[in-house]
Amino acid sequence: MVVSSLVTCSSSSTTSIFYVLPSNSDPPYKLLQSHPYLNLLSQCNSINTFKQIHSHFIKTGLHNTLFAQSKLIQFCALSPFGDLSYALSLFHSIPQQQQQLNHFIWNTIIRGHYLTLSPISSLQTYTLMLESGVVPNSYTFPFLFKSCAKTKATHEGRQLHAHVLKLGLHSDAHVHTSIITMYARVGELDDARLVFEKSTLRDAVSFTALITGYISMGYVDDARQLFDEIPTKDVVSWNAMVAGYVQSSRFEEALACFKGMQKANVPPNQSTMVTILSACGHLGEIELGNWISSWVRDHGFGSNIQLTNALIDMYSKCGKVEKARELFDGVKDRDAISWNTMISGYSCKGFYEEALALFDLMLRSNITPNDVTFLSVLPACACLGALELGKWVHAYIDKKLKSTSNASLWTSLIDMYAKCGCIDVAEQVFRSVDCRSLASWNAMISGYAMHGHAERALDLFSEMVDEGFQPDDITFVGVLSACTQAGLVDPGHQYFNSMIQVYRISPKLQHYGCMIDLLARAGKFEEANFLMRNMEMEPDGAIWGSLLSACRVHGNVEFGEYVAERLFQLEPENPGAFVLLSNIYAGAGRWDDVARIRTKLNDKGMKKVPGCTSIEVDGVVHEFLVGDKFHQQNENIYRMLNEVDKVLKEAGFVPDTSEVLYDMDEEWKEGALTQHSEKLAIAFGLISTKPGTTIRIVKNLRVCGNCHSATKLISKIFNREIIARDRNRFHHFKDGFCSCNDCW
DNA sequence: CTAGGGTTAG
């Protein structure tokens, strides 16, 4: 509709290009500008105050002057305290004859529509303006072009461009630049360049408009070439270039550009610093970050919310999360970005409980969360196993953010459900997503893999390929780990080879890691060793660790000693390697060696990472450490533990004590085993949920053989499904069996 | 009396 009316108006306007000379009876502007009531308007900060001022205008007869009317309309249409519909009713109360005399009012209404996020109404107002016989001037066009840019109205933009040429306004600097910006923003770079090159107007502003276009399309190097041609670069052109590098993740170059700016003696401003802080965060450049922090303080920008948000982001990305929180707490008027930045800071650095606590505070403070919020909250739910909260977020997204077609959000939901043990719900979400992204396929495949559903993972991989998706390196991490979890040696080899030969993906350390783990678990230590020696990179701690753990399963003391020695060299501070080796010795009954390792550990002052299991009950996450006695319900939990042990004993359960680190007497070992964190969490689950309810727990370490056997029996005797996530994968315990088939 | 280019969270 806009298109056709523009076309008709454009032809009619060609026949009527003449300017109506102002012939109204307004007093001279100077006289009115100093009128006390007009000064009142500039200080007005609410619509009620405005109405009072308006009534004064009426009482004094001032409202009959076109100038006063235009000022009233200006306030209503443009002020954040204004009201566009009020502006429109004022506008319509002006007789058409009078309207025709005044460009200012039309231009203001067009701008008002643009500001109230209704750019189409701007264009419609423009057509009304033409129909009324008013000839647009150079002030009319910039906001029209901005409106076209915002709605990607390329066709309308071209027509407006034609109008500008017919009216001879193309040599006006403002109009000229806004045309370049329009073409650049709708993605018509060639046209933007053409307009730029045809004109002799080549100042920093028009250059920067074009440069920004190139940057937004990802052509940063072309942008740089243009940038170097700018005769005198001002602060905005420098800012655009610096931001260009940041937006394309070229952070070092952003900092280099910033140095160039300082060398050129162009003082940075707040925009510069916001952008540079982002680069500092990504690079971990805390020193420059600190310097900017002082700059902000010294320039009196301490209460600038954008700068403070950028500082919060920089500090948390550099690992100074507490410093970030201090800044956050000091902000008076936090905006949504402040909250999201802080949550994100916690979540990215692994402070999941803090992230969720802040999210809770955010909701209590009546701040509306958005998709960015949930992209931090969902991974925290996933890692903590906070399923109830995750479900709440899902419902919220369904209700309020359904229109947000943010693909990452659905991927995060799939990942959250998978990691919280609900693989079937993860699948439902996956199936319900309209526009599946590569990431969502990857999340689903990895989800199946960590639940030990190798077949479903591999089927999904085929389905994905059939639908024309090109798998990436992350896809193959999922596929290969599915093979590893299920012990599928031959298929594992086949996928590994097809990754390299068919999909031309060069294997990364993680892929080799899966293969080495797969071979070692199958007891094929020679093959595993061969692969490790022939890969292009050095094995990391995770690979040596998986080998060591396989040695423990297969009781391979000799190779285990060799592997442990490598691991000690690589990660001297990691107690896990000592613990595993000691377990290997214990399994072989070599208690002298167990003692030797223990002494080594003590000499180094290292402590085993304490086992920790969390369980969510009624939306609250409860954490249990080994031998924890600090829970509110401690007595009831231990009463339940005794009950569990009694029932297990009656069922003929004999604890296997070979995995205990220290060579103590057998009775003590048994005592220590009963206090493993997963058993505490399960006991708490048994007393605090209804009979028959599924119990879901998350453990920070791998589950030990003893707890694994015990949990299988508990699932049968207490008739509970128990879904346990350990460091490596999921275990679904049901009716005395586990989904991992005792292989993990 | 109005109008052109740059800014942060994922």
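Letters A, B, ... mirror the listed sequences (proteins, then strands); counts begin at 1.
Listed pair A:Ser278 / B:dA9 meets the phosphate criterion, a side-chain N or O lying under 4.0 Å from OP1 or OP2.
With centroids closer than 5.5 Å and planes inclined by less than 30 degrees as the test, A:His174 and the base of B:dG4 fail to qualify as a stacked pair.
Listed nucleotides B:dT7, B:dG5, B:dA3 differ in distance to A:Arg185; the shortest reach to its side chain belongs to B:dG5. The listed nucleotides are B:dG4, B:dT2, B:dG10; the one nearest the side chain of A:Lys146 is B:dG4. Closest approach to the A:Asn269 side chain among B:dG6, B:dC1, B:dA3 is made by B:dG6 (side chain taken as heavy atoms from C-beta onward). Side chain of A:Ile337, nearest nucleotide from B:dA9, B:dA3, B:dG10: B:dA9. Of all nucleotides listed (B:dG4, B:dA9, B:dC1), B:dA9 comes nearest to the side chain of A:Asn340. Checking B:dG4, B:dA3, B:dA9 against the side-chain heavy atoms of A:Arg111 singles out B:dA3 as nearest. Side chain of A:Asp172, nearest nucleotide from B:dT2, B:dA3, B:dG6: B:dA3. Across B:dT2, B:dG5, B:dA9, the shortest atom-to-atom separation from the side chain of A:Ala204 is found for B:dG5.
Distance check: A:Phe359 CZ to A:Met342 CE gives 15.5 Å after rounding to the nearest 0.5 Å.
With rounding to whole Å, A:Ile105 atom CD1 is found 15 Å from B:dT2 atom P. Rounded to whole Å, atom C1' of B:dA3 lies 16 Å from atom CE of A:Met182. Counting to the nearest Å, the C1' atom of B:dG6 and the OH atom of A:Tyr245 are 15 Å from each other. Between the CZ atom of A:Phe141 and the P atom of B:dG4 there is a distance of 15 Å, rounded to whole Å. In this entry the distance linking CG of A:Asn137 with C1' of B:dA3 reads 9 Å, nearest Å. Remark: P of B:dT7 and CE of A:Met261 are 13 Å apart, rounded to the nearest angstrom. Atom P of nucleotide B:dT2 and atom NE2 of A:His113 are separated by 21 Å, given to the nearest angstrom. One atom, CD1 of A:Ile230, and another, C1' of B:dG5, lie 9 Å apart when rounded to the nearest Å.
Here A:Leu361 pairs with A:Arg325, A:Trp339, A:Leu358, A:Ser365 under the side-chain contact (heavy atoms from CB on, under 4.5 Å) rule; sequence neighbours left out. Listed by chain and number, the residues in a salt bridge (charged side-chain N to carboxylate O under 4.0 Å, His left out) with A:Asp190 amount to none (sequence neighbours excluded).
Contacts of A:Ser344 with the nucleic acid, taken as non-hydrogen atoms under 4.0 Å apart, involve only primed sugar atoms and P, OP1 or OP2. At the heavy-atom level, A:Thr208 lies under 4.0 Å from base atoms of the strands shown. Across all strands, A:Ser138 comes closer than 4.0 Å to base atoms (heavy-atom distances). Using a 4.0 Å heavy-atom cutoff across all strands shown, A:Ala173 reaches at least one base atom of the nucleic acid. Residue A:Ser237 is classed as a base contact, given a heavy-atom separation below 4.0 Å to a base. Contacts of A:Gln247 with the nucleic acid, taken as non-hydrogen atoms under 4.0 Å apart, involve only primed sugar atoms and P, OP1 or OP2. Heavy atoms of A:Phe143 sit under 4.0 angstrom from primed sugar atoms or phosphate atoms, though from no base atom.
Side-chain N/O atoms of A:Asn239 and base N/O atoms of B:dG5 include no donor-acceptor pair closer than 3.5 Å. Evaluation of atom-type donor-acceptor distances gives a pair under 3.5 Å for the side chain of A:Ser271 against the base of B:dT7.
The shortest heavy-atom contact between A:Pro119 and A:Lys150 is CG-CD, 3.8 Å. The two residues A:Leu115 and A:Leu78 come nearest to each other via the heavy atoms CD1-CD2, 3.7 Å.
Residues from residues 303-324 of chain A that place a heavy atom under 4.0 Å from any atom of DNA chain B, listed by number: A:Gln306, A:Asn309, A:Asp313, A:Lys317.
Ring-centre distance between A:Phe141 and A:His163: not below the 6.0 Å cut-off.
For A:Ser199 (side chain) and A:Phe196 (main-chain N/O), no donor-acceptor pair under 3.5 Å exists by modelled atom type.
By the 6.0 Å and 45° rule, A:Lys320 does not stack over the aromatic ring of A:Tyr315.
Inter-residue side-chain proximity for A:Pro136 and A:Met129 is flagged as met; some heavy-atom pair is nearer than 4.5 Å.
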